[in-house]
Amino acid sequence: MTNETFTGHKALQLEVPLLFEEGSYEKCGIDTPAPSGIKSRLGGHGADEQVNLPAFTEPQAMRHFVRLSQKNYAIDMGIFPLGSCTMKHNPRLNEKMARLPGFADIHPLAPEKTVQGALALIHELQEWLCELTGMPAVAMSPKAGAHGELCGMMAIRAAIEAKGEGKTRTRVLVPESAHGTNPATAAQCGFSVDQLPATEDGRVDLEAMKAKLGPDVAAIMVTNPNTCGLFERDIRAMADAVHEAGGYFYCDGANFNAIVGKARPGDLGVDAMHINLHKTFSTPHGGGGPGSGPTVLSEALRPFAPIPAIVKEGDTYRIIEEETGDFAKSFGRMVAFHGQMGMFVRALSYMLSHGADGLKKVGEDSVLNANYVRVRLAEEMTQGYPGLCMHEALFSDKWLKDTGIGTLDFAKAMIDEGFHPMTMYFPLVVSGAMLIEPTETESKQSLDEFCDSLLALARAAKAGETERFKNAPRFAPRGRLDETRAARKPVLRWTPPNPEAMAAE
């Protein structure tokens, strides 16, 4: 009995051709005859030939994309354990608020007096972010985490240049476990990057850092909690040492969700930190964007914050567009407008619905869930570093030694079990890394299902069921791809099949 069907469908898992394979080329909506008696306004730049885009009826188009969506994994389907990405539930209340016409339909060039409510919302969000981080100022315009990181480093560069040290302070210290955007951002701002080693327990080596300090150091960039899921216990000592040397402390706020309501970066000596609204405050991540990365600034960097900025004067909210007054030293404009309104609405909705005590609980539960996963999986898997973790649990591939199975094989087998794999091979400081972040929104039931499945896979790997892993995924719409070939010879463009070549085959 064959496993194949005539249609290619398998029950309700429907086969989906490419748009170009499924559509008709007889008639497309834009391939219409030129209207008679109408003079073209295209100045001779019209199409010379038929566009040849595939044509669909509305039901055909709907079915195509709905069927594709059924092949995708999403946070609304199950746990999404990507480490350091914080893929957590997006409350539907937030989505409802973001779709209110007064927020969703306004234009960024609308006169100030017509959008006072929106400006009030952004200003209130600013106050929450400053209070939660213990920082006096925040730039709202950065459009993503890496963009916020760039904002912070540009403010640092502006502060250095204002002191006349732009040509001497050219070096930035970055830990070896840092997000790749950290050294990239430093280089983008014209700095050279000096890597900091880690201690055996996965944290920045404080003494090695102090040894690298000098009059040419502009800043240090540290993620806390770090990319290994660990809190940098020496952060205050690092900040004090950098400040004494005349530099600034940039904190990558990617993992602020682990300490929100528990610790304030401003109290730890931080000068600048971006905040990923999707990670800590539940705005959509990835394809659900656009993103938003507000950047909080210390008193030392406050004068150099970018424009535009929103300020309150009496009962009126104003948009500052020029480098004047309190913003005379601003490093300038990063983007055209004020930020991502939809993300601001979602984030403030999340804050108001949780309250200060609820946000503290968010940080506590994210750490609790990660440590629950860490302890359960440690029965069969090897921790990257011993002891408690923060918001994510890190494992190495040491437990797979002599099994013939690697991290990638294990991840492919997870797909067969119905789970999106965790982050693999990152951070690079741990061999065959498996970085798991359950987030605070997962229930004990979902965590147990996840852990039970991974433990069963781990035992199967140790029992020698190698083919189960090498052939995975077996139950996905597509089997394992040739990743080497895909990387070296990617096919990025569809071309119509050659009937003669097909006939010859």
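Looking only at side-chain heavy atoms (C-beta outward), E437 and L82 stay at 4.5 Å or farther from each other. In this structure, D271 and H243 have side chains that are in contact, with non-hydrogen atoms separated by less than 4.5 Å. Under the 4.5 Å side-chain criterion, counting only non-hydrogen atoms from C-beta, T439 is not in contact with N369. Considering only heavy atoms from C-beta on, K88 stays 4.5 Å or farther from I75 through its side chain. For the pair P136/C130, no side-chain contact is recorded, criterion being any heavy-atom separation below 4.5 Å from C-beta on. At least one side-chain heavy atom of P225 sits less than 4.5 Å from a side-chain heavy atom of I259.
Shortest non-hydrogen contact noted between L93 and S349 is CG-OG, 3.9 Å. Considering every non-hydrogen atom in both G145 and N276, the closest pair reads CA-OD1, 2.9 Å. In plain terms, the two heavy atoms of S292 and M343 that are nearest each other are CB-CB, 3.8 Å. For the residue pair E323 and S330, the shortest heavy atom distance occurs at OE1-O, 3.7 Å.
Between L435 and the options E392, M422, M424, a side-chain contact (heavy atoms from CB on, under 4.5 Å) holds for only E392.
The CZ atom of R171 sits 7.5 Å away from atom CG of L213, with the distance rounded to the nearest 0.5 Å.
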Where do N182 and Y250 land on the side chain to side chain donor-acceptor pair (under 3.5 Å) test, with the steps shown first? CA-CA 10 Å; N182 287 182; Y250 181 88; over 6 Å; no
Determine whether F327 and I307 satisfy the following criterion, side chain to side chain contact (heavy atoms under 4.5 Å, CB included), listing intermediate values before the conclusion. CA-CA 8 Å; F327 291 85; I307 53 171; 4.0 Å; yes
Walk me through it: do L359 and Y350 pass the test side chain to side chain contact (heavy atoms under 4.5 Å, CB included)? CA-CA 9 Å; L359 291 177; Y350 184 82; 3.9 Å; yes
Begin with the C-alpha distance, continue with both residues' side-chain angles, and end with the deciding distance and a verdict on salt bridge (charged side-chain N to carboxylate O under 4.0 Å, His left out) for E95 and R92. CA-CA 5 Å; E95 300 302 314; R92 291 310 182 260; 5.8 Å; no
Test E313 against R318 for salt bridge (charged side-chain N to carboxylate O under 4.0 Å, His left out), laying out the working first. CA-CA 7 Å; E313 296 179 352; R318 289 190 54 229; 2.9 Å; yes
Take R169 and D216, measure what salt bridge (charged side-chain N to carboxylate O under 4.0 Å, His left out) needs, and give me the verdict at the end. CA-CA 4 Å; R169 292 195 179 273; D216 64 334; over 6 Å; no
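When only modelled atom types and interatomic distance are considered, T199 and D205 share no side-chain donor-acceptor pair under 3.5 Å. For the residue pair T185 / E149, a side-chain donor-acceptor distance below 3.5 Å is found, with atom types taken as modelled.
Aromatic ring centroids of F410 and W399 lie under 6.0 Å apart.
Residues E379 and R459 are paired through a salt bridge, judged by an N-O separation under 4.0 Å between the basic side chain and the carboxylate. Under the 4.0 Å criterion applied to side-chain N and carboxylate O atoms, D201 and R233 are assigned as salt-bridge partners. Salt-bridge formation is not detected for the pair D416/R468: no Lys NZ or Arg NE/NH1/NH2 atom is positioned less than 4.0 Å from an Asp or Glu carboxylate oxygen.
Surrounding CD of E161 are more than 12 heavy atoms belonging to other residues, nucleotides or ligands, all under 6.0 Å away. Annotation for D267: atom CG counts as buried by contact number, over 12 foreign heavy atoms lying within 6.0 Å. At most 12 heavy atoms of other shown residues, nucleotides or ligands fall within 6.0 angstrom of atom NZ in K329. The 12-atom threshold is not exceeded at NZ of K361, counting heavy atoms of other residues, nucleotides or ligands nearer than 6.0 Å.
Every residue two or more places apart in sequence or in another chain was checked for a salt bridge (charged side-chain N to carboxylate O under 4.0 Å, His left out) with K401, and none qualifies.
Of the possible donor and acceptor atoms, one in the side chain of Q383 sits under 3.5 Å from a partner among the backbone N and O of Y385. Checking side-chain atoms of H123 against main-chain N and O of L119 turns up no donor-acceptor pair under 3.5 Å.
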